[in-house]
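Worksheet for the structure shown next.
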Amino acid sequence: MPSLKMFGLASLAAIMMGTLGAAHADWSLNVNTALTQDDPMYKGLVKFKEGVEQRTDGKLTVNIFTGSQLGNDEDVLEQARAGANVAVLVDGGRLANFTPEMGILGAPYLVQGYPGARKLVTSKLFDSWAEKLRKASGHQVLSFNWWQGERNLLTSKPVTQPSDLQGVRMRTPGAPVWLETIRAMGATPTPMGWTEVYTALQQGVIDGAEAQMSAVYGARLYEVIKHITKTGHINLITGLVGSAQWFDSLPADVQQIVKDESLKAGDFASELTEKSMSDYEDKMRAKGVSIDTIDVTPFKAATQSVYQKLGYEELRKQVDAVLAQ
């Protein structure tokens with residue numbers, strides 16, 4: 001079991017502030033996200049907070065921390081493993097270290113849009129992965145229907161095919177499925193925290209990145225890139241994941257409220273993301289960014305090797321069966 005000493009003073013101070021601020025409540029939950037308050041996911045978290053606090057008559061308070069104030073996603077996951085009252089919006093790739101099946105959620109061209117992603121993460125197949133995660137690492141999935149959109153390439157030069165990415169140092173999260181996807185697309189994957197990307201692009205530490213439109217706009221990356229190429233290589237579906245130990249300390253009725261409100265808020269945030277896409281694109285075009293639509297067939301072909309390399313071929317058949325129902 002990880003020690004709380006490893007989490008860092010800043011993270012612990014933030015947690016304590018949230019806990020003390022909710023001293024009148026019976027329970028509190030501190031939710032961490034790397035995203036800004038402009039992002040649909042943040043607005044979904046506010047919806048989650050309001051729903052939980054209203055339905056529990058304020059007995060459970062929710063505190064939201066933006067800009068990774070409680071630490072990066074991996075740090076918060078470790079806090080959750082230790083039983084802290086924290087949760088984080090996190091992708092399946094980071095959870096694959098504990099439950100390999102979760103990694104396929106970030107695999108290239110797996111599902112089409114939010115309807116496909118939601119169908120998968122509300123299936124019995126996914127429930128079996130979530131239960132396996134709980135037993136393996138002590139993490140509790142509250143819901144996994146927080147769709148952040150399709151991820152696209154962010155570069156200083158036009159991209160039309162994988163060979164255009166030769167030698168391009170591209171930021172991506174550090175999970176194996178992300179690294180292998182970007183490598184298969186032709187670039188050199190460079191893991192780093194999301195809050196570091198703007199400066200890294202500005203200073204030439206990296207040549208490009210890949211992300212969904214809402215995150216690109218929220219981080220003002222349109223100031224340091226020239227092209228967004230709409231590859232849609234990953235549908236970013238994330239989940240609100242916390243501590244099973246903390247979750248189990250709640251009464252059964254409060255547990256159900258937390259899960260219900262997380263699912264409702266995830267739908268709210270995802271639908272808001274869908275509605276916001278064209279607006280984000282218009283705003284970034286007005287800032288001088290070229291948003292390029294290309295034939296993604298070469299990228300689909302190039303990334304099929306990811307499933308073989310990570311041993312996901314059989315698992316993908318199971319996913320395809322769920323999506324076909």
Side-chain angles (χ1 to χ4, degrees), residues 31 33-51 64 66 88-93 104-123 126 141-154 173 178 181 194 209-222 225 228-241 259-287 289-294 296 299-300 319-320 322-325:
V31 180
T33 177
L35 302 171
T36 66
Q37 293 187 13
D38 294 327
D39 196 280
M41 295 299 110
Y42 173 80
K43 295 173 183 177
L45 291 175
V46 172
K47 196 81 169 175
F48 171 68
K49 170 184 170 68
E50 293 172 347
I64 306 171
T66 57
V88 59
L89 273 178
V90 66
D91 63 88
I104 200 171
L105 295 172
Y109 302 106
L110 179 70
V111 299
Q112 290 189 344
Y114 181 53
R118 192 186 192 282
K119 187 172 187 178
L120 174 58
V121 299
T122 55
S123 68
F126 178 82
V141 173
L142 304 181
S143 75
F144 223 93
N145 61 322
W146 298 70
W147 183 77
Q148 299 189 32
E150 295 181 337
R151 291 177 76 90
N152 302 302
L153 301 179
L154 320 174
W178 299 80
T181 295
W194 179 246
E210 50 87 40
Q212 64 278 15
M213 294 294 187
S214 56
V216 177
Y217 186 79
R220 303 177 67 90
L221 296 188
Y222 50 78
I225 60 167
I228 297 177
T229 305
K230 297 177 73 172
T231 48
H233 50 278
I234 291 171
N235 269 273
L236 181 56
I237 187 75
T238 53
L240 192 55
V241 178
K259 295 185 76 171
D260 289 348
E261 293 304 318
S262 181
L263 188 68
K264 289 179 185 177
D267 282 339
F268 173 82
S270 301
E271 290 163 7
L272 188 58
T273 295
E274 286 185 307
K275 294 175 183 176
S276 303
M277 286 298 177
S278 60
D279 184 49
Y280 286 127
E281 291 186 23
D282 290 344
K283 288 179 177 178
M284 287 191 284
R285 285 193 183 96
K287 298 289 186 179
V289 176
S290 176
I291 300 180
D292 310 316
T293 300
I294 63 167
V296 300
F299 290 97
K300 285 185 175 181
V319 170
D320 288 344
V322 168
L323 297 176
Q325 292 175 1

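A donor-acceptor pair is defined here as one N or O able to donate and one able to accept, closer than 3.5 Å; such a pair exists between the side chain of S270 and the backbone of N145. The backbone N or O of T231 lies less than 3.5 Å from no partner atom in the side chain of T229, so there is not a single donor-acceptor pair.
Applying the salt bridge (Lys or Arg N to Asp or Glu O under 4.0 Å) test to residues at least two apart or on different chains, the pairs with a partner in residues 111-122 are R118-D267.
The two residues F268 and K43 have their closest heavy-atom pair at CE2-O, 3.8 Å. Scanning all heavy atoms of the two residues, the minimum distance from I294 to F299 falls at CD1-CE1, 3.5 Å. A117 and W147 get closest at one heavy-atom pair: CB-CD1, 4.1 Å. Between A34 and W194 the shortest heavy-atom distance is O-CD1, 4.2 Å. Among all heavy-atom pairs drawn from G51 and E261, the shortest one is CA-OE1, 3.4 Å. Considering all non-hydrogen atoms of both residues, G44 and A269 come closest at CA-CB, 3.8 Å.
Ionic pairing of K47 and E50 is not present here: no N-O contact between side-chain nitrogen and carboxylate oxygen is shorter than 4.0 angstrom.
Checking each of R151, E150, E281 against K230 for a side chain to side chain contact (heavy atoms under 4.5 Å, CB included) leaves exactly one that passes, namely E281.
With contacts defined as side-chain heavy-atom distances shorter than 4.5 Å, the pair N152/V216 does not qualify. Contact annotation: the side chain of S276 never approaches that of K283 to less than 4.5 Å [non-hydrogen atoms, C-beta and beyond]. L105 is listed as a side-chain neighbour of L120, based on a closest heavy-atom distance under 4.5 Å. Annotation: side chain of L35 is not in contact with side chain of Y42 (no heavy-atom distance under 4.5 Å). By the 4.5 Å heavy-atom criterion applied to side chains, M213 and M284 are counted as neighbours. Between T36 and T66, every side-chain heavy-atom pair lies at or beyond the 4.5 Å cut-off. Looking at heavy atoms from C-beta onward, V241 lies in side-chain contact with F144 at the 4.5 angstrom threshold.
Atom CG of D38 sits about 7.0 Å away from atom OH of Y280, to the nearest 0.5 Å. Between the OH atom of Y109 and the OG1 atom of T181 there is a distance of 9.5 Å, given to the nearest 0.5 Å. Separating the CH2 atom in W178 from the NE2 atom in H233 is a distance of 7.0 Å, to the nearest 0.5 Å. Once rounded to the nearest 0.5 Å, the distance linking CG of L263 with CZ of F48 reads 11.0 Å. To the nearest 0.5 Å, the span separating CG on L142 from CG on D260 amounts to 11.0 Å. Once rounded to the nearest 0.5 Å, the distance linking OH of Y114 with CD1 of I237 reads 6.0 Å.
The number of heavy atoms from other shown groups lying within 6.0 Å of CD (Q112) does not exceed 12. Within a 6.0 Å sphere centred on CZ of R220, heavy atoms belonging to other residues, nucleotides or ligands number 12 at most.
Defined by atom type and a distance below 3.5 Å, a donor-acceptor pair is present between the side-chain atoms of T238 and Q148.
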Are V322 and F126 close enough, and set up right, to give a side-chain contact (heavy atoms from CB on, under 4.5 Å), and what steps lead you there? CA-CA 10 Å; V322 168; F126 178 82; over 6 Å; no
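Take S214 and apply the side chain to side chain donor-acceptor pair (under 3.5 Å) test, not counting sequence neighbours, and it matches D39.
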